[in-house]
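Computed from heavy atoms alone, side chains included, the values below leave out hydrogens, waters and symmetry copies.
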Amino acid sequence: MLDTHDKITGIMPYFLGFSTYTFFVVLGIEAGVAYYWLNVRKIKDREKGAMILVAAALVFGIIGSKIPILMESRSFHAFLAGKSIVGGLVGGLLGVLLARKAFGVKQYLGHIITPSIALGIAIGRFGCFFGGCCYGAVASWGYDFGDGLMRLPTQLFESAFHFTAFAVLVYCQDKVKAPGLLFKMYFLAYFVFRFFTEFVRDNPAIWCGMTVYQIICGLGIVYFSIDLWIKNRAEIFGFERKGA
């Protein structure tokens, strides 16, 4: 029996001879980097570390985006071709943390990096939609990505989430003073969002009925919840910590 996934071609995989997936992914990266640099230029005491953090986030983000694909498919071909937003975010986070320690970057730029990430993903997800990947489960409504079945447009759900997050982050950018708080809140919110949307995604369960992305998001939810409670509960709940 032929797997209908083999027939997935996308809504519009090519436009004027170019891959729509690549176009929107590159456009998202450029938009995110442009927003970051426009805002970094406004900081009087900015350091050269700003470039180091971006480079580390991009390099480790690319590496991290491959890991969940390998865990899910155990296919080297899929590892080379596929990319995961969840893995990319985790990889980018680790890259920033490692670069900060390795190069002694002390300045916190999370309030600028975070909306840049949200903007980049929001635009890049259109590439997934038009290119025919990261689609949802078969449903009574949605879009036909080439196999004759209606599937939920989970790519657009994600794009809407990240555009909303971008707007909220920009609004809060100059209002939230605690270093790293917006960064942590964004990651926590996305991991919660992604954990539940996995129930309507077309991804295989690998352990206890959960997909690899739900496992990663679950660990991320636990980590950031504990970190926020320990380090930022005073700012979140409006009370002072003892010894602070």
Side-chain angles (χ1 to χ4, degrees), residues 25 28-29 31-37 39-41 43 45-71 79 83-122 124 158 161-162 165-166 168-170 172-173 176-195 212-236 241 244:
V25 169
I29 293 174
V33 171
Y35 180 87
Y36 175 78
W37 281 114
N39 281 268
V40 165
R41 290 175 61 186
I43 301 175
D45 298 324
R46 65 182 184 275
E47 302 175 355
K48 294 181 179 179
M51 183 61 186
I52 293 174
L53 294 182
V54 170
L58 288 174
V59 172
F60 279 82
I62 292 173
I63 295 173
S65 71
K66 300 290 185 177
I67 304 302
I69 302 298
L70 184 61
M71 293 172 62
F79 172 79
K83 289 178 284 294
S84 160
I85 291 294
V86 172
L89 283 175
V90 174
L93 171 62
L94 292 175
V96 169
L97 294 176
L98 290 173
R100 186 179 293 281
K101 288 185 177 295
F103 295 95
V105 180
K106 298 180 180 179
Q107 193 172 33
Y108 285 92
L109 300 171
H111 63 298
I112 298 176
I113 293 175
T114 309
S116 302
I117 294 173
L119 178 61
I121 296 177
E158 279 222 14
F161 171 86
H162 291 291
F166 173 72
V168 172
L169 290 165
V170 170
C172 296
Q173 189 170 335
V176 176
K177 303 301 181 183
L181 182 55
L182 288 181
F183 189 81
K184 297 173 188 177
M185 293 294 290
Y186 167 72
F187 268 76
L188 177 60
Y190 177 63
F191 284 144
V192 171
F193 169 83
R194 182 57 187 271
F195 182 88
V212 63
Y213 307 103
Q214 283 179 310
I215 295 171
I216 295 173
C217 288
L219 294 173
I221 291 169
V222 172
Y223 171 79
F224 281 107
S225 296
I226 294 174
D227 188 78
L228 282 165
W229 175 254
I230 294 174
K231 299 178 181 179
N232 299 102
R233 65 180 183 271
E235 294 87 0
I236 295 173
R241 291 174 293 176

So which atom in [X] and which in [Y] form the shortest heavy-atom distance, rounded to 0.1 Å?
X	Y	value
Ala99	Leu53	CB-CD2, 4.3 Å
Ser84	Tyr213	OG-CE2, 3.2 Å
Gly110	Pro115	O-CD, 4.2 Å

Roughly how far, to the nearest 0.5 Å, is the [atom2] atom of [Y] from the [atom1] atom of [X]?
X	Y	atom1	atom2	result
Phe183	Ile117	CZ	CD1	5.0 Å
Ile113	Tyr35	CD1	OH	12.0 Å
Leu182	Lys177	CG	NZ	10.5 Å
Leu169	Ile112	CG	CD1	12.0 Å
Leu93	Leu89	CG	CG	8.5 Å
Leu181	Asn232	CG	CG	5.0 Å

### Query
side chain to side chain contact (heavy atoms under 4.5 Å, CB included) between Tyr223 and Val90: does it pass, once the steps are laid out?
CA-CA 12 Å; Tyr223 171 79; Val90 174; over 6 Å; no
### Summary
So the salt bridge (charged side-chain N to carboxylate O under 4.0 Å, His left out) pairs with at least one residue in residues 180-193 (sequence neighbours excluded) are Lys184-Asp227
Applying side-chain contact (heavy atoms from CB on, under 4.5 Å), name anything that partners [X], two or more places apart in sequence or on another chain.
X	value
Val59	Ile63
Phe60	Leu98
Ala55	none
Val33	Ile29, Trp37

Using distance only, find each side-chain donor-acceptor pair of residues 185-193 under 3.5 Å and give its atom names and separation, not counting sequence neighbours.
| unit_1 | atom_1 | unit_2 | atom_2 | d |
| --- | --- | --- | --- | --- |
| Tyr186 | OH | His162 | ND1 | 3.0 |
| Tyr190 | OH | Glu158 | OE1 | 3.1 |
| Tyr190 | OH | Glu158 | OE2 | 3.0 |
| Tyr190 | OH | Arg194 | NH1 | 3.1 |

### Message
I'd like to know whether Ile216 forms a side chain to side chain contact (heavy atoms under 4.5 Å, CB included) with Val212, so could you lay out the CA-CA distance, the side-chain angles of the two residues, the decisive distance to 0.1 Å, and finally the verdict.
### Response
CA-CA 6 Å; Ile216 295 173; Val212 63; 4.2 Å; yes
